[in-house]
Q: 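Below: one structure in C-alpha cells.
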Amino acid sequence: MIDIIKEKIWLGLKALKLKAPPKSKINVEYPKHKIHGDYASNISLNLAKKIRQTPMTLAKKLATHLSADPLFSEVTAAKPGFINFHIANKILYSTLQDINKLGLKYGINYERGAGKRILIEFVSANPTGPLNVVNARAAAFGDSLANIMIAQGYYVEREYYINDAGHQIDLLVESIENELNRLDEIQVEELQEGYKGKYITEIAAHILETEGATIHQLSKRDAAQKIRDCSLDILINDQKNTLSLFKVCFDNWISENELRQKGSVEDVLAYLSETEKIYDKDGAVWMCSSEFGDSKDRVIMRSDGTVTYIIPDIAYHITKYKRGFDRIIDILGPDHHGHIPKLKAGIEILGYKTSLMQFILLQHVTILMNEEKVKMSKREGKLITLRQLIEEVGTDAARFFFLMRKSNTPLDFDIELAKKRSSENPVYYVQYAHARIASIERKARSERIRVQDFKPEYLQRLVHDEELDIIRMLMKYPELITHISSTYDVNLLTSYLIDLAGEFHKYYQKYKIINKRYKELSLARLFLCKAVQTVIRNGLTLLGISAPTKM
RNA sequence: GCGCCAGUAGCUCAGCAGGAUAGAGCAACAGCCUUCUAAGCUGUGGGUCAGAGGUUCGAAUCCUCUCUGGCGUGCCA
C-alpha cells in the first residue's frame, strides 16, 4: 500500500506540473495518531523550499488532487504541511477478501528477492558440549530470518559450520581421556583447562561401554583418534537432535576437519604468501590485517608451525564466495565481534569483495529463574542447555522469547514467565487469539452459520472502528515482512503479533461474532476473524511457532 | 588505551526508514464469566527519552563530545 501511495503522490506532482523527485525519495509512513489518517506523507515539507511554495499550499493542492482517487475516502492537508490519507472502506473490505483468498500466501512477496542467493550461517557452536542459550537465540533468530527471506523470494541456505578441529577439540579429547582413566580407576591429575560437567562423564561412560574392551589395546595415538571420533559423533548428533526439537533444520553442515583435509588451509596459506601481505616476526607468521581495517596485525601461524583459527575460517568463507552467493550473512555470538575485522581483512587480502558479507551480532542471554540470574560457565559445566530450556518451557515459548528483543540488545529470559499460561506470557496471548478464532468457527458451524453462504457485500456491515482498525492492521502485514527482510529486525514481527492479538481480544470482548439472528453480520465478522487468524498463523509460521486451534 | 553494543516510566522493554500529543507489559488499586475459550477484557497513576552541544522547518531517532554499564581487544575458537 505504501508503494501505491508513493506512486499516487508522484503522479499527483506530475499532474500539478511540478518536478517530482524520484519515488524512492517520497516518504510515506504510518502516523502515530489515528486522527492523522492511515498513512501520511511529509513530501510537501521536503519539497517546499525547492519549489518556493509554503508547505501548506503545496499540501493542500496535492490533497485536493488526490482526494478524487477512489483509493481514499479522504485526503487532507494538516498543520505544518503533512498530507494525511484515509483509506476508503471499500479498499479495506477488498483487502480482507485478498487475505482470505491468499491464505498461506498472504504476506509473501517473491518478487522482492527475485531468487537472489543468500547464505545464512548461524549457531556454529563448538562441538565441545551441548548447545547453550546464546546458541539457542542464534538458532531461533537465524531460522526465522531465513523463513522471512524465503517469503520475500530469496533463495536461502541455512548453514552450520562445525569447528571440529583445533585446540578446543584437543582439549575436549584430553578431558574425555582423563575421565576415561578416572572411570577405569587409573590415577589422574586434574586438568587445568579441561572441560568439565556431567556430559563429559556421560560420553566417557558411553565410550567405555561400547569400546571399552578394545580402547586400551590401541596405540595412544589411535586411542586418541578413536575418542575424538566417538565424542564428536555423540556431541554433534546431540546438537542436531536438539536443534530439530527446536524446529531448526540446516541445509548444510560444513566440517572444519574435512575442509582441512581437503587442503584448504594450505591453499589459503599459499595464496596469502603470493600477496606479500604476510611476514615473519618472532618466529611466527603474521598477516597485515591492520592495512585492511583491523586494529592490529594478526598471527596466522604460530611459532610451532600450526595455524591459528583465522586461516581455516578464511578458507571456509572463501568457499561461501566460490559457491556463488549474492549475500553472505553470519550470525555471531556476543564474544565474536573482535573476529569480524580479522576475517574481513583476510578475505580482502585474497581479493574478494567484503561488501557481500553481513554480520549480525547477537548479544548475550541471561536466564532468570525465580527472579534471580542463573550464573553459567561452560568450562565448569554449569550451564543451562537448549535441551533443558525446551523441556522447561517448550519450543514455542522459547523461540518467541528469543525473538522478542532486537538482536543487538541483551536479553533476559524469564523462565517462570515463559511457563505461565496467562496474558502475561506473550506467546500464549498470541496463540490464544488464534485458538479462540478456531473456537468461534466451531461455534459457527454448530449454529449452522455456514461460510459458503458468505457474500462480499456483507462486509459493508463491518462499520465499527475496532473492525476497521483491525483490517488496517492486517493490511500492514506484508509491508512489515518486507521491511524486516531489509533490516533483519525480526523482533518487529513478534511485537506486531502481540498487538494484533490484543486488538482481536478487545474486539472479541466487546462484540459478539456469532449471532443467529443476524446471519449476514455474523458471516462478515467471521470473515474478519478468519483473516486475523490467517495473519497470526502466517506470522507464527515465519517465527517457527505453532498456531494451535485448541488450547 | 582502542573497538563494538547499549542507556527511554519503580521494573522489563517497544519506538530510532528524522515528523504532528513518547507507547506496551509487569508491579499497585478498582471492576467484568446464566452469552462464541476469564490462557480474556475494562479503568486509574507514573517520563528532563543518561548529560551537553550541533544539523534541521522539526530530533528519543542523525552527527560530535562527556558520563555509566556489558563485551571484545591471546601464538584460545
Q: State whether the number of non-hydrogen atoms from other residues, nucleotides or ligands found under 6.0 Å of A:Lys6 atom NZ is greater than 12.
A: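 Yes - once you tally the heavy atoms of other residues, nucleotides and ligands closer than 6.0 Å, there are more than 12.
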
Q: Does a donor on one side chain and an acceptor on the other come within less than 3.5 Å for A:Asn515 and A:Ser522?
A: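 No, because no side-chain N or O of A:Asn515 sits under 3.5 Å from a partner of the opposite role on A:Ser522.
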
Q: Classify A:Tyr511 by what it touches in the nucleic acid, base, sugar-phosphate, or nothing, heavy-atom distance under 4.0 Å.
A: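 A:Tyr511: base contact, heavy atoms under 4.0 Å.
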
Q: So, OP1 or OP2 of B:rC41: does either fall under 4.0 Å of a side-chain N or O from A:Tyr429?
A: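 Yes, such a contact exists.
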
Q: Which listed nucleotide (B:rU21, B:rC36, B:rA60) is nearest to the side chain of A:Lys32?
A: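 Nearest listed nucleotide: B:rA60.
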
Q: Are A:Val393 and A:Ile415 packed together at the side-chain level, in the sense that at least one heavy-atom pair is separated by less than 4.5 angstrom?
A: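 Contact flag for A:Val393/A:Ile415 side chains = yes.
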
Q: For A:Asp164, enumerate each residue passing the salt bridge (Lys or Arg N to Asp or Glu O under 4.0 Å) test, keeping only those at least two apart in sequence or located in another chain.
A: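 Result, salt bridge (Lys or Arg N to Asp or Glu O under 4.0 Å) vs A:Asp164: none returned.
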
Q: When you measure from the side chain of A:Ile35, which nucleotide among B:rU21, B:rA14, B:rC36 comes out closest?
A: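 Of B:rU21, B:rA14, B:rC36, B:rU21 is nearest to the side chain of A:Ile35.
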
Q: Taking B:rG74 as the reference, what is the distance to B:rG3 when you measure between their P atoms (whole Å, please)?
A: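 Nearest-Å result for B:rG3 against B:rG74 at atom P: 15 Å.
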
Q: Identify whether any heavy atom of A:Ala435 sits under 4.0 Å from a base atom; if not, whether one sits that close to sugar-phosphate; answer base, sugar-phosphate or nothing.
A: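 Base contact.
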
Q: Do the side chains of A:Leu172 and A:Ile200 get nearer than 4.5 Å, heavy atoms only?
A: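 A side-chain contact exists here, since the closest heavy-atom pair is under 4.5 Å.
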
Q: Taking the minimum atom-to-atom distance to the side chain of A:Asp412, which one of B:rA39, B:rU12, B:rC75 wins?
A: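 Within the option list, the nearest is B:rU12.
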
Q: What is the distance from CZ of A:Arg517 to C1' of B:rU35, rounded to the nearest Å?
A: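 Answer to the nearest Å: 13 Å.
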
Q: In terms of side-chain heavy atoms of A:Asn42, which of B:rA20, B:rG19, B:rG15 is nearest?
A: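 The closest nucleotide is B:rG19.
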
Q: Classify A:Lys506 by what it touches in the nucleic acid, base, sugar-phosphate, or nothing, heavy-atom distance under 4.0 Å.
A: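 If one applies the 4.0 Å heavy-atom cut-off, A:Lys506 turns out to touch the sugar-phosphate alone, with no base involved.
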
Q: Would you say B:rA14 has OP1 or OP2 under 4.0 Å from some side-chain N or O of A:Thr409?
A: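 For B:rA14, OP1/OP2 do have a side-chain N/O of A:Thr409 under 4.0 Å.
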
Q: For the C1' atoms, the ones on B:rU56 and on B:rG72, what distance do you get once it is rounded to whole angstrom?
A: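 That atom pair is separated by 36 Å.
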
Q: What's the gap between B:rU55 and B:rG23 when it is taken at their P atoms, as a whole Å value?
A: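 Comparing P positions in B:rU55 and B:rG23 gives a spacing of 28 Å.
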
Q: What contact category does A:Ala433 fall into here, base, sugar-phosphate, or nothing, at under 4.0 angstrom with non-hydrogen atoms?
A: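 Counting heavy atoms under 4.0 Å across all strands, no contact is made by A:Ala433.
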
Q: In dot-bracket form, how is RNA chain B paired, counting a Watson-Crick or G-U wobble pair only if both its distances are under 3.5 Å and using | for bases paired to another strand?
A: (((((((..((((.....[...)))).(((((.......))))).....(((((..]....))))))))))))....

Q: Describe, in one word, how the ring planes of A:Tyr511 and A:Tyr507 are oriented to each other, choosing from parallel (under 30°), tilted (30 to 60°) and perpendicular (over 60°).
A: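 Plane angle between 30° and 60°, so tilted.
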
Q: Look at A:Glu441 together with A:Arg445 and state whether they make a salt bridge at an N to O cut-off of under 4.0 Å.
A: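 Here A:Glu441 does not pair with A:Arg445 in a salt bridge, since their nearest N and O are not under 4.0 Å apart.
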
Q: So, OP1 or OP2 of B:rA17: does either fall under 4.0 Å of a side-chain N or O from A:Asn27?
A: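 Checking B:rA17 against A:Asn27, no side-chain N or O comes under 4.0 Å of OP1 or OP2.
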
Q: Any base atoms under 4.0 Å from A:His36, or only sugar-phosphate, or nothing? Heavy atoms, all strands.
A: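 Here A:His36 touches the bases of the nucleic acid.
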
Q: Might you confirm whether atom NZ of A:Lys60 has over 12 heavy atoms from other residues, nucleotides or ligands at distances under 6.0 Å?
A: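 Not more than 12 within 6.0 Å, no.
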
Q: Please determine, for the side chain of A:Asn408, which listed nucleotide (B:rG23, B:rA20, B:rC5) has the closest atom?
A: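 Among B:rG23, B:rA20, B:rC5, the one nearest the side chain of A:Asn408 is B:rC5.
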
Q: Any N or O donor-acceptor pair under 3.5 Å from the base of B:rA77 to the side chain of A:Asp164?
A: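 By the distance-only test, no, there is no pair.
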
Q: For A:Arg448 and B:rC36, give me the distance from atom CZ to atom P, rounded to whole Å.
A: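 It is 19 Å, rounded to the nearest whole Å.
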
Q: I'd like the C1' distance from B:rG7 over to B:rG51, given in whole Å.
A: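 Approximately 11 Å lies between the C1' atom of B:rG51 and that of B:rG7.
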
Q: Would you indicate which nucleotide in B:rU35, B:rA77, B:rU21 comes nearest to any side-chain atom of A:Asn163?
A: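 Selected nucleotide (nearest to the side chain): B:rA77.
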
Q: On RNA chain B, check which nucleotide each of A:Leu411 and A:Ile498 is closest to and give me the residue with the more 5' one.
A: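 Looking at the nearest nucleotide for each, A:Leu411 comes out on the 5' side.
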
Q: Counting any heavy atom closer than 4.0 Å, what does A:Asp297 reach on the DNA or RNA strands: base, sugar-phosphate only, or nothing?
A: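 No contact at all - A:Asp297 keeps every heavy atom at 4.0 Å or more from the nucleic acid.
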
Q: Quickly work out the A:Leu492 CG to B:rA14 P distance and round it to whole Å.
A: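 It is 10 Å, rounded to the nearest whole Å.
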
Q: What is the distance from atom OG of A:Ser546 to atom CG of A:Leu540, rounded to the nearest 0.5 Å?
A: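 Those atoms lie 7.5 Å apart.
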
Q: Taking CE from A:Met404 and P from B:rC26, how many angstroms apart are they, rounded to a whole number?
A: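 So the CE-P distance, A:Met404 to B:rC26, works out to 13 Å.
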
Q: Can you tell me how far C1' in B:rA28 sits from the matching atom in B:rC11, rounded to whole Å?
A: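 Roughly 13 Å separates the two C1' atoms.
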
Q: Would A:Asp304 and A:Thr306 count as a side-chain hydrogen bond (donor to acceptor under 3.5 Å, both in side chains) here? Give the steps.
A: CA-CA 6 Å; A:Asp304 65 3; A:Thr306 58; 2.7 Å; yes

Q: Pick one for B:rC62: is it syn, with its angle within 90° of 0, or anti?
A: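 B:rC62: anti glycosidic orientation.
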
Q: Tell me whether the side-chain N/O atoms of A:Arg525 come closer than 4.0 Å to OP1 or OP2 in B:rC36.
A: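 The answer is no; no side-chain N or O of A:Arg525 sits under 4.0 Å from OP1 or OP2.
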
Q: Calculate the interatomic distance between A:Tyr30 atom OH and B:rC16 atom P; express it in whole Å.
A: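 Going from OH in A:Tyr30 over to P in B:rC16 covers 12 Å.
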
Q: Look at the side chain of A:Ser439 and the base of B:rC36, then say whether one donor and one acceptor between them are separated by less than 3.5 Å.
A: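 Looking at the base of B:rC36, it does not pair with any donor or acceptor on the side chain of A:Ser439 (distance under 3.5 Å).
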
Q: Scan A:Lys510 against the nucleic acid and name what it touches under 4.0 Å (heavy atoms): base, sugar-phosphate only, or nothing.
A: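 Contact class for A:Lys510: none.
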
Q: Does A:His167 or A:Arg405 map to a spot on RNA chain B nearer the 5' end, using the closest nucleotide for each?
A: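 The residue whose closest nucleotide sits nearer the 5' end is A:Arg405.
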
Q: I'd like the C1' distance from B:rC49 over to B:rA60, given in whole Å.
A: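 So the two C1' atoms sit 5 Å from each other.
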
Q: Between atom OH in A:Tyr428 and atom P in B:rA38, what is the gap in whole Å?
A: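 Value for this atom pair: 17 Å.
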
Q: Name the orientation class of the two ring planes belonging to A:Tyr30 and A:Tyr39 (parallel below 30°, tilted from 30 to 60°, perpendicular beyond 60°).
A: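 Ring orientation of A:Tyr30 relative to A:Tyr39: tilted.
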
Q: Heavy atoms from C-beta onward define the side chain here; which of B:rC36, B:rG15, B:rA77 lies closest to that of A:Arg302?
A: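 Closest of the options to the side chain of A:Arg302: B:rA77.
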
Q: For atom P, what is the distance between B:rA14 and B:rG58, given to the nearest Å?
A: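 Approximately 29 Å lies between the P atom of B:rA14 and that of B:rG58.
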
Q: Does A:Tyr508 have a side-chain nitrogen or oxygen under 4.0 Å from the phosphate oxygens OP1 or OP2 of B:rA38?
A: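 Answer is yes, contact under 4.0 Å.
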
Q: Base, sugar-phosphate, or nothing: which does A:Thr549 touch, judged by heavy atoms less than 4.0 Å apart?
A: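 If one applies the 4.0 Å heavy-atom cut-off, A:Thr549 turns out to touch a base.
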
Q: Of the nucleotides B:rA20, B:rC41, B:rC13, which one has an atom closest to the side chain of A:His505?
A: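 The listed nucleotide nearest to A:His505's side chain is B:rC41.
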
Q: Should the pair A:Arg436 and A:Tyr508 be classed as cation-pi, given the thresholds of under 6.0 Å to the six-membered ring centre and 45° from the axis?
A: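 Pair A:Arg436/A:Tyr508 counts as cation-pi.
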
Q: Parallel under 30°, tilted from 30 to 60°, perpendicular over 60°: which one fits the rings of A:Phe527 and A:Phe454?
A: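 Because their plane-to-plane angle is under 30°, the rings of A:Phe527 and A:Phe454 count as parallel.
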
Q: Please report the distance, rounded to the nearest Å, between OH in A:Tyr496 and C1' in B:rG15.
A: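 After rounding, the reported distance stands at 17 Å.
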
Q: Please state the C1' separation for the pair B:rA50 and B:rC67 - nearest whole angstrom.
A: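 Here B:rA50 and B:rC67 have their C1' atoms 8 Å from each other.
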
Q: Taking only the side-chain heavy atoms of A:Asn491 (C-beta and beyond), determine which of B:rA14, B:rA39, B:rC36 contains the nearest atom.
A: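 Of B:rA14, B:rA39, B:rC36, B:rA14 is nearest to the side chain of A:Asn491.
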
Q: Side chains of A:Tyr496 and A:Val535, heavy atoms from C-beta outward: is any pair under 4.5 Å?
A: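 In short, these two side chains touch, coming nearer than 4.5 Å.
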
Q: Identify the pairs formed between an N or O of the protein and an N or O of nucleotides 70-74 of chain B at a distance under 3.5 Å, and give each distance.
A:
| from | atom 1 | to | atom 2 | distance (Å) |
| --- | --- | --- | --- | --- |
| B:rC71 | O2' | A:Pro334 | O | 3.3 |
| B:rG74 | OP2 | A:Lys296 | NZ | 2.1 |

